[in-house]
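Single-structure report; data block below.
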Protein chains: 2
Amino acid sequence: MDSSGSSQKKAKKPRQVRDAEATQAKILDAAEQEFARHGLTGTRIDAIAARTGVVKAMIYYYFDSKEGLYQAVMQRIGAELDIAFQQLAVTDLPAEAALKESIRAGINYGAAYPHRGMLWFYEAVQNQGQYGQMSGWQKSFWSITTILERGIAEGAFRSLDPFLATINILGVCTFYFNAHENLKYLAPTRQLLSSEMIERQTQEAIDLVLAGIKA
Amino acid sequence: MDSSGSSQKKAKKPRQVRDAEATQAKILDAAEQEFARHGLTGTRIDAIAARTGVVKAMIYYYFDSKEGLYQAVMQRIGAELDIAFQQLAVTDLPAEAALKESIRAGINYGAAYPHRGMLWFYEAVQNQGQYGQMSGWQKSFWSITTILERGIAEGAFRSLDPFLATINILGVCTFYFNAHENLKYLAPTRQLLSSEMIERQTQEAIDLVLAGIKA
DNA sequence: GTCTATAATACGATAGAC
DNA sequence: GTCTATCGTATTATAGAC
């Protein structure tokens, strides 16, 4: 027998080094995954704790309650979405190019964070959008609407309802990923989430939308 | 005081008349609503029982388990969707008219059963589509794909990937309703679920898709 | 077929030692 | 800041009377 720490007595969890910021970030990451998979009510705090490696009590220490943690998660993804769209700097581009870039960015975002679309859906169904509302994602929506209005004014796009068109464009960008688990049975040989298929879908989506709204 | 049944002793639930079929149907209806709102794991059997008016034990008597009940619900909505699309008889119409009718039917279906879109979403996220797969909804999907292939062959539609196009059309038909609770904050004055707005959205969707795929 | 009562467990949240 | 231990309640599922 050796004289190391792990002894005959029942194995105790080794105490973590103290690092408030790192712990909070780990909790947020794990919570985002769990909430995306199970929603606010369906998520188990124990599952988040297990995924994080820290203990359940820490979650309450930092975020007060399950609801508080959920709000923090929605805040973060809303803010990040806003930043992603701001970086596109679409105001410098002609309307058609700006819209193409936005669609491409939207699909890329859906491919990079496939679980976040589900977070938004859960938010709509289970919480009537009350928490997402305050997270600032709306700016991304209106940036597309603005492009459409500009294109119409310049005569590049046909006359249409920019608000409804924005919704429908978002539908095209998100449905592919949100419904993927149902769609995968339709064409088992196609790898819907492979980069080739996503690139093809990106091109199809751009073609459909651009042809659909051009003057 | 009267001498009627409701007496001084603690009120017992009046025993229901025996009607197996009616009870099963009531349970299925209530379960569909609850599963659409909370998903398979999040739904409480007590909530279904309360909504149904029958007692919790009946649900286990008829459907064995929560999962069994869920399967029965998914079977039913898959079968009904299939029937709805079959009744369209789109094979008799020219491709363009057939597609218009399909889009209109899809949006009408979403408007008539706004909760069913959520059932499909939950199915994808929580159960990886395993139960929905066996419910026969795929026939509805392929009926749209077939219209697109026919239109391409006849020269009415441009060359495109009929499979991906079908997905994107479904995205347009469903996103409006699935995301409604998040979208409603964007334009508080517009009543997104009013029949006027839905008719407008139907027209926008048809215009977008038809212009997007015509030769 | 329908109901009551209850077993068995899972879960959110907190108290208090270290 | 991190951990252990536990309280109180909610929930799935079953046993058994009617």
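Letters A, B, ... are given to chains in the order of the sequence lines, protein chains preceding strands, and every chain is numbered from 1.
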Worksheet item: Any ion pair linking D19(B) and K26(B) (charged N to carboxylate O, less than 4.0 Å)?
Response: no
Worksheet item: Can you tell which of dA15(C), dT12(D), dT2(D) lies closest to the side chain of A57(A)?
Response: dA15(C)
Practice prompt. Mind checking K66(B) for me? I need base, sugar-phosphate or nothing, with any heavy atom below 4.0 Å counting as a touch.
Written response: sugar-phosphate
Fill in: Touch class at under 4.0 angstrom, heavy-atom based, for D19(B) against every strand present
sugar-phosphate
Worksheet item: More 5' along DNA chain D: R44(B) or R18(B), using each one's nearest nucleotide?
Response: R44(B)
Worksheet item: Should Y122(B) and F35(B) be marked as a ring-ring contact (aromatic ring centres under 6.0 Å, His included) after you check the CA-CA gap, both sets of side-chain angles, and the distance that decides it?
Response: CA-CA 8 Å; Y122(B) 271 120; F35(B) 282 133; 9.3 Å; no
Worksheet item: In whole angstroms, how far is the C1' atom of dC18(C) from the OH atom of Y61(A)?
Response: 14 Å
Item to complete: Could you tell me whether D207(B) and K100(B) make a salt bridge, using a distance below 4.0 angstrom between a side-chain N and a carboxylate O?
Response: no
Worksheet item: What closest approach, in Å, do L148(A) and P162(A) show between heavy atoms, and which atom pair accounts for it?
Response: CD1-O, 3.5 Å
Worksheet item: To the nearest angstrom, how far is H38(B) atom NE2 from dT12(D) atom P?
Response: 11 Å
Worksheet item: Is E34(B) salt-bridged to R44(B), cutoff N-O under 4.0 Å?
Response: no
Discussion item. From OH of Y62(B) over to P of dA13(D), roughly how many Å is that when rounded to an integer?
Written reply: 19 Å
Discussion item. Without decimals, in angstroms, what is the distance between K56(B) NZ and dT12(D) P?
Written reply: 7 Å
Practice prompt. When you get a sec, tell me which of dC3(D), dG1(D), dT14(D) is the closest nucleotide to the side chain of V54(A)?
Written response: dC3(D)
Discussion item. Can you tell me which nucleotide in dA13(C), dC3(D), dA13(D) comes closest to the side chain of S65(A)?
Written reply: dA13(C)
Discussion item. Rounded to whole Å, how long is the line connecting atom CE of M58(A) with atom P of dG12(C)?
Written reply: 18 Å
Worksheet item: Whole Å only: how far is the CZ atom of F63(A) from the C1' atom of dA13(C)?
Response: 16 Å
Discussion item. Heavy atoms only, 4.0 Å cut-off, all strands: where does T43(B) land among base, sugar-phosphate and nothing?
Written reply: sugar-phosphate
Worksheet entry | Nearest-angstrom distance from the residue atom OH of Y70(B) to C1' of dA13(D) | 21 Å
Worksheet, complete the sentence: From CD1 of I48(A) across to C1' of dG12(C) the rounded distance in Å is 12 Å
